[in-house]
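Here the structure is laid out as structure tokens; the discussion comes afterwards.
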Amino acid sequence: MASEKELTQKTRKQSFQTPRGMKDILAEDWLYYDFILQNAKKIFEFYGFKRIETPLLEEAELFTKGVGKKTEIVGKEMYLLKTKGEQGFLALRPEGTAPIVRAYIEKGMFNLPQPIKLYYFGSFFRHEKPQAGRYRQFYQFGAEIIGEDDIASEVKIIMLSKIFLESLGFAKKDIFLLLNSIGCSKCRAVYIRELKKYYRKNNKQICSDCRRRIQENPLRVLDCKNEKCYPVKEGAPFILDYLCTECNNHFKSLLEYLEYLNIPYILDKTLVRGLDYYTRTVFEFCLDDEKSKISLGGGGRYDKLAEIIGRVKKPGVGVAFGVERLMEEMIQRGKGFKSAKPEVFLVYIGEAAKKMSFKILEQFRKEKILIGENLEKNNLRAQLKNADRLGVKYVFMLGQQEVLDEMIILKDMNSGLQELIPLDKIIPEIKKRLNK
Ligand code: AMP
């Protein structure tokens with residue numbers, strides 16, 4: 001027979017863990033997730049945004065076509081599945097915009113009065129290198145306005161994003177809005193030609209990744225994080241100098257609105273974002289840490305996405321926030337949450353009292369008064385230990401005799417005084433004592 005030590009070692013070896021880069025969301029985390037979602041809902045629903053949830057799985061082609069085969073999140077980080085009966089591959093969704101635009105087209109939302117305003121809250125999957133603030137499964141809150149190319153869509157998304165961040169307790173002065181325009185396909189092509197020319201000239205001063213990027217996905221050289229490339233990046237041509245008249249007017253109009261609404265911004269010529277579908281406006285909301293800038297969320301305009309994935313010519317603008325990032329930064333900045341604690345506890349002795357306890361607890365729930373209990377434990381001392389641990393002010397005690405007399409004992413834990421109370425007076429009595 002195996003010894004106890006061998007058994008423990010075996011159990012340890014056979015115990016399972018969350019997959020790398022993924023995490024359990026525990027009760028204390030949900031306080032943040034719920035708070036973040038509630039705040040987002042209040043703000044975005046006021047402006048007519050409706051909730052949408054698309055499947056976790058989509059046809060992989062939706063992302064290769066819509067987001068771009070050469071982007072990191074599709075080309076390198078997408079989880080692909082081959083299932084029985086499926087023609088091609090399915091993908092665990094790496095981002096939310098392409099699925100929503102797919103639903104917009106599939107459900108004929110373009111026939112409804114435009115624009116369509118939608119928001120979502122759910123899990124996304126990217127096979128990234130796990131590190132602080134970077135997971136392989138993470139939550140995003142996102143919002144999209146589809147159907148109009150008017151600047152009001154961008155202004156609304158940016159304004160509400162800022163209000164949302166402030167509602168989570170981030171100080172106005174700590175939130176940075178980085179802004180850029182990457183133009184339309186016409187002016188971007190002119191810019192890319194210049195960028196390639198410039199990078200080719202500086203070929204020796206850049207990293208090997210950038211040498212590849214400048215061929216495959218040229219704009220991405222601008223957000224290379226390799227220090228070697230910084231001086232070259234600094235001297236690179238600025239896309240804003242290459243915008244065509246329409247793109248330029250569109251961007252100028254956005255800046256005017258932001259100034260009018262007192263929304264400060266920083267023009268960032270290296271901001272291009274990682275997804276191919278963006279056109280014109282791109283933006284990112286960051287927090288400035290002493291060491292680095294932390295991206296909380298970002299988005300932009302995607303005027304060609306619906307056309308690429310469904311031959312429907314409808315423009316759109318969207319934003320997505322990383323919920324884990326928001327939560328981690330809230331904790332860093334001392335915005336803590338604690339679960340509500342009951343001030344009252346119910347203990348029982350004997351079967352009749354145990355049964356009656358279920359009815360009493362329901363009375364408290366209906367009155368929204370938190371009450372602790374430990375009905376699974378028949379031992380009185382164990383129940384009282386729990387009440388003690390919670391530090392409640394009052395304990396109700398129910399035994400066989402009390403059930404027969406339709407009475408209950410109420411103990412004041414501070415003074416230690418006990419008194420008998422009629423069972424049908426529990427609620428008014430405790431409300432009086434708790435000043436409710
Ligand atoms: P994106 O969808 O890439 O535009 O990212 C929007 C936001 O989602 C980022 O600013 C992050 O806050 C968050 N995010 C993106 N990737 C991850 C990840 N791997 N883990 C956690 N959060 C992420």
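Atoms within each ligand, like the ligands themselves, are counted from 1 in listed order. Note that the coordinates shown come from a computational prediction; the quantities given were computed from them, not determined experimentally.
With a heavy-atom cut-off of 4.0 Å, I73 does not touch ligand 1 at all. Heavy atoms of E324 found under 4.0 angstrom from ligand 1: none, in either backbone or side chain.
For the ligand labelled ligand 1, residue E128 lies inside the 4.0 Å heavy-atom shell. Heavy atoms of R273 approach ligand 1 to within less than 4.0 angstrom.
Listed for the E373 side chain is a donor-acceptor partner under 3.5 Å among the backbone atoms of L375. In this structure a side-chain-to-backbone donor-acceptor pair under 3.5 Å is present from K269 to E234. Between the side chain of K225 and the main chain of D223, a donor-acceptor pair closer than 3.5 Å is present.
We find that D174 and R333 are joined by a salt bridge, their nearest charged nitrogen and carboxylate oxygen being less than 4.0 Å apart. Under 4.0 Å is where a charged nitrogen must lie from a carboxylate oxygen, and between K431 and E367 at least one such pair does. The pair E194-K197 counts as a salt bridge, with a side-chain nitrogen and a carboxylate oxygen less than 4.0 angstrom apart.
Protein heavy atom in closest approach to atom 20 (N) of ligand 1: Y135 N, 2.9 Å. Closest to atom 11 (C) of ligand 1 among all protein heavy atoms lies R325 NH1, 3.4 Å. Nearest non-hydrogen protein atom to atom 3 (O) of ligand 1 is R126 NH1, 2.9 Å. Closest to atom 8 (O) of ligand 1 among all protein heavy atoms lies Q140 NE2, 2.9 Å. With respect to atom 14 (N) of ligand 1, the closest heavy atom belonging to the protein is F138 CE1, 3.9 Å.
Of the listed options G299, S295, G298, G318, S295 places a heavy atom closest to atom 9 (C) of ligand 1.
Residue G322 has at least one heavy-atom neighbour below 4.0 Å for each of these atoms of ligand 1: 7 (C), 8 (O), 12 (O), 13 (C). Close contacts of ligand 1 with A320, meaning ligand atoms under 4.0 Å from a residue heavy atom, involve 6 (C), 7 (C). Atoms of ligand 1 lying under 4.0 Å from at least one heavy atom of G133, given by number and element, are 20 (N), 21 (C), 22 (N).
Rounding to the nearest 0.5 angstrom, the gap separating the CZ atom in F63 from the OG1 atom in T97 is 9.5 Å. Between the CG atom of L361 and the CZ atom of F396 there is a distance of 11.0 Å, given to the nearest 0.5 Å.
Of the N or O atoms in L296, one or more lie within a sub-3.5 Å distance of an N or O in ligand 1.
Residues passing the ring pair (Phe, Tyr, Trp, His ring centres under 6.0 Å) test with F164 are F141, F321, sequence neighbours excluded.
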